[in-house]
Amino acid sequence: MNVSPRKILVSSALPYANGSIHMGHLVEYLQSDIWAKFQKLRGHQCTYVCAADAHGTPIMIRARQEGIDAEVMVKRIAAEQHEDLKAFGIEFDNFHTTHSAENEQLVCRMFHALSDAGFIYTKTIEQAYDEQEKMFLPDRFVRGTCPNPKCRSEDQYGDACEVCGATYAPTDLIDPVSVLSGSKPIIKESEHYFFKLSEFGAELRRWIATADLHQNITSKLEEWFEAGLQDWDISRDEPYFGFLIPGTTDKYFYVWLDAPMGYVASFLHYCNRHGDIDFDEYWNADSENEVYHFIGKDIVYFHTLFWPAVLKGSNVRQPTSVFAHGFLTINGKKMSKARGTFINARTYLDNLNPSQLRYYYAAKLGPGMDDIDLNLDDFIARVNSDVVGKLVNIASRCAGFISKRFNGQLAEKLDDPDMFAKFTAQSEVIAAHYEKREYSKAMRSVMALADTANRYIEEKKPWVMVKNENQSQEVQYVCTQGLNLFRTLMVYLDPVLPAVAADVRRLFGETVWHWDSASEPLLDRKIKKYAALVTRVEQSQVDKMIAQSKPADAPGETKENGEMRNETSSEVTIEDFMKLDLRIATISDAQPVEGADKLLQLTLDIGGEERQVFAGIKAAYKAEELIGRQVVAVANLKPRKMRFGLSEGMVLAAGPGGKDIFLLSPDTGAESGMKVK
């Protein structure tokens, strides 16, 4: 690997310190943690920071309800959030808080720089005011109908519409209501501070041209440019939990000014405690180091317009790029407490292994802002098939023979060096997928190699060879080969499965890996006794997690033992099921169907017999990627005449549809034509 070392600063969007981390939040933190771990594995100086987002009216209101000081509440919640994130293997180099001396120092410095440059002004505005609560209402404490004539979505926040993305003032809402009291707010005047965002159009376009933003983001930015950039209100009236604006006694910085500065402040806090890293080298206007923000698509506006503009206006470097991801759905729908799918991170941890979720999210994530779905049936199937059935299976098949027959000693050579070379030849391909945040492609590449390793072991059959004393040496070579193939795959998966990778390093007696470790076989040395690395996901674990996530009074049938009954279709008898002839099939050819948006034409080899099947999986799979893949097919389905031709069966898949559909595959060793029973 000839890669020049880079100096990289990575941040995740700050968790708001008024509630628990849930499964949706974890999309963000796992995506950024994987990327930071990958950069470190490549040998780059990568610093990963985050902080508790500690300011704003929601914090103040919740603290008031609990009868405690807001700062005390924030410290408690932030500590709980950080512990949950660490339990998922998310390793920040620094986790701080926006309610810090560093952040106040940096925000005030920015404010003075913007004021001195003429980018700050004051004007009297009309604001929503709750007469019952005796306070001005922040944007998110007013809800109503979106004022965009093309949208008119109801129950939207007072600053932005979650449906169309339009931004506006709370006073623009149609039929506004105070979230605090439920009353209709009145309009009251107040003097506020504004930042001249409208003057930064050209500067922002220059930054966008160099930032290599995803097309999803640039398309959205173009819409906002066409609508016209509006100056930004950066102040809020008391009562408010935040930093006072210098020179005032009752005006506070809006949370969206000091929250992104929290990235910088957390890094400053880190630099102050580590003498080997220079803060200015990263944040001076002429810095050549790299800075990346990982965020959700709902806060793109703040991070790609406001944030780079205030940085430019105060003569501070702008981020190298901003990476945005989509939302999480569970079983194809928004998370729901009633359905038990609003799952907190801690509830997951109480029932399941975090490595399993890390792999599943990685297998779904790409570089764009498409939403991803945590389909719980697919979660069980994919983790059990890929992580347990394919990956860990390689080590469990080989390590026992090395321990029992050869006293834990690896052979002095590989059985098939050319095969090992093919695995290491994929190093830069997989690295490129990680670099571009195409984690799903990286996982597919790794699992394709895992299939190759399993086929090799299946063909060699060391469990048969070991019975013949004359083949003892060959068994050692074969199992040394298998374990080295497994180790290479685990180096590639280290950013995704760090806890499993740590156990694998212990197995091989290693303390640290670098990306190049994947290309260096371990030979003629002892390994430790193999211990189970990852266990299967059981349906009962998922059921228990869902049951624990439902409110106590949620409707739902229960069995006599209290276990939640799964919602399924009407029952069938075993005789009904036995009428299905399910067979293992190999896709020998796959072609798009001209004139069909969703269909692929598959040619299936079902044990020497070919069948033509039309499958609605075009949105999820490229035709060329399917050739050679094994699937499960319904072989005795009555042929159906379609306008594209005759469909002679069906391939089985799971998922809600569209991009989220997943072909079912058999375990390693199954052959075309085998009956599924």
Side-chain angles (χ1 to χ4, degrees), residues 13 15-16 18-31 58 62 77 80-81 84-85 88 140 143 145-146 153-157 160-165 177 179 182 296-299 325-352 354 356-358 360-361 363-365 369-383 537-559 562-570 654-662:
Y16 200 51
N18 72 336
S20 301
I21 298 294
H22 58 64
M23 301 294 274
H25 293 134
L26 287 168
V27 174
E28 162 114 349
Y29 300 108
L30 291 176
Q31 184 187 38
R62 176 165 175 179
I77 293 177
E80 292 171 358
Q81 291 177 334
D84 286 349
L85 292 170
F88 276 91
R140 297 234 152 185
R143 295 185 75 96
T145 300
C146 172
S153 295
E154 297 179 353
D155 196 31
Q156 297 303 308
Y157 286 118
C161 177
E162 292 181 316
V163 177
C164 71
V177 173
V179 172
K297 66 180 180 181
D298 55 328
I299 52 176
H325 60 80
F327 298 140
L328 178 76
T329 57
I330 297 184
N331 292 337
K333 298 179 181 178
K334 286 186 177 181
M335 292 189 295
S336 162
K337 290 183 179 179
R339 290 191 294 268
T341 56
F342 193 97
I343 304 167
N344 282 333
R346 182 51 55 183
T347 308
Y348 178 97
L349 291 166
D350 288 342
N351 291 281
L352 291 160
Q356 296 163 341
L357 189 73
R358 287 184 69 102
Y360 189 77
Y361 276 6
K364 306 275 281 190
L365 277 166
M369 296 195 300
D370 296 333
D371 295 346
I372 71 168
D373 184 51
L374 170 54
N375 181 284
L376 294 172
D377 289 340
D378 179 59
F379 167 71
I380 296 171
R382 185 174 295 206
V383 170
V537 183
E538 301 297 339
Q539 182 68 52
S540 58
Q541 295 173 291
V542 174
D543 291 344
K544 185 178 177 183
M545 178 179 68
I546 292 172
Q548 291 175 353
S549 300
K550 286 186 176 181
D553 58 349
E557 272 186 271
T558 59
K559 298 180 182 178
E563 180 184 347
M564 294 302 299
R565 185 187 301 274
N566 291 328
E567 295 180 8
T568 60
S569 302
S570 57
K659 292 183 179 179
D660 289 325
I661 193 163
F662 312 99

Report yes if the side chains of Leu374 and Tyr361 come closer than 4.5 Å at any heavy-atom pair, otherwise no. yes
Verify side-chain contact (heavy atoms from CB on, under 4.5 Å) between Asn331 and Arg339, making sure each step is shown before the conclusion. CA-CA 10 Å; Asn331 292 337; Arg339 290 191 294 268; over 6 Å; no
Output, in order, the C-alpha distance, side-chain angles, deciding distance and verdict of side-chain contact (heavy atoms from CB on, under 4.5 Å) for Thr341 and Lys333. CA-CA 9 Å; Thr341 56; Lys333 298 179 181 178; over 6 Å; no
Given side-chain contact (heavy atoms from CB on, under 4.5 Å), test Leu376 with Ile546 step by step and report yes or no. CA-CA 10 Å; Leu376 294 172; Ile546 292 172; 3.5 Å; yes
Rounded distance [0.5 Å steps], OG1 in Thr347 versus NE2 in His22: 12.0 Å
Separation between CG (Asn344) and NE2 (His25), nearest 0.5 Å, reads 9.0 Å
What class does the angle between the rings of Phe379 and Tyr348 fall in, given that below 30° is parallel, 30 to 60° is tilted and above 60° is perpendicular? perpendicular
State whether a side-chain donor-acceptor pair under 3.5 Å links Asp350 with Gln548. no
Qualifying residue for side-chain contact (heavy atoms from CB on, under 4.5 Å) with Val537, from Val542, Asn351, Leu357: Val542
Considering all heavy atoms of both residues, which atom of Gln539 and which atom of Asp377 are nearest to each other, and what is their separation? OE1-OD1, 4.1 Å
Distance in Å, Cys146 SG paired with Asp155 CG, rounded so as to fall on 0.5 Å steps: 12.0 Å
Can you tell me how far the CZ atom of Phe327 sits from the CE atom of Met369, to the nearest 0.5 Å? 9.5 Å
Between OH of Tyr157 and CG of Asp298, what distance do you get to the nearest 0.5 Å? 10.0 Å
If only atom types and distance count, is the side chain of Glu28 paired as donor or acceptor with the main-chain N or O of Ala13 below 3.5 Å? yes
Which atom pair, heavy atoms only, marks the closest approach of Val177 to Gly182? CG1-O, 3.5 Å
Could you list the residues that satisfy side chain to side chain donor-acceptor pair (under 3.5 Å) with Glu538, not counting sequence neighbours? none
Going from CD on Gln81 to CG on Asp84, what distance comes out if it is rounded to the nearest 0.5 angstrom? 8.0 Å
Check side-chain contact (heavy atoms from CB on, under 4.5 Å) between Thr329 and all other residues, then give those that pass, not counting sequence neighbours. Asp373
Residue pair Ser549 / Gly340: nearest heavy atoms and the distance that separates them: CB-O, 3.3 Å
Between Pro58 and Asn18, the two heavy atoms sitting closest are CB-ND2, 4.1 Å
Short question: side chain of Gln156, backbone of Glu162 - any donor-acceptor pair under 3.5 Å? yes
Check whether Arg358 reaches the backbone of Phe88 with its side chain - one donor and one acceptor, N or O, closer than 3.5 Å. yes
side-chain contact (heavy atoms from CB on, under 4.5 Å) between Asp378 and Tyr360, worked out: CA-CA 9 Å; Asp378 179 59; Tyr360 189 77; 2.7 Å; yes
The side chain to side chain donor-acceptor pair (under 3.5 Å) partners of Lys544 (sequence neighbours excluded) come to none
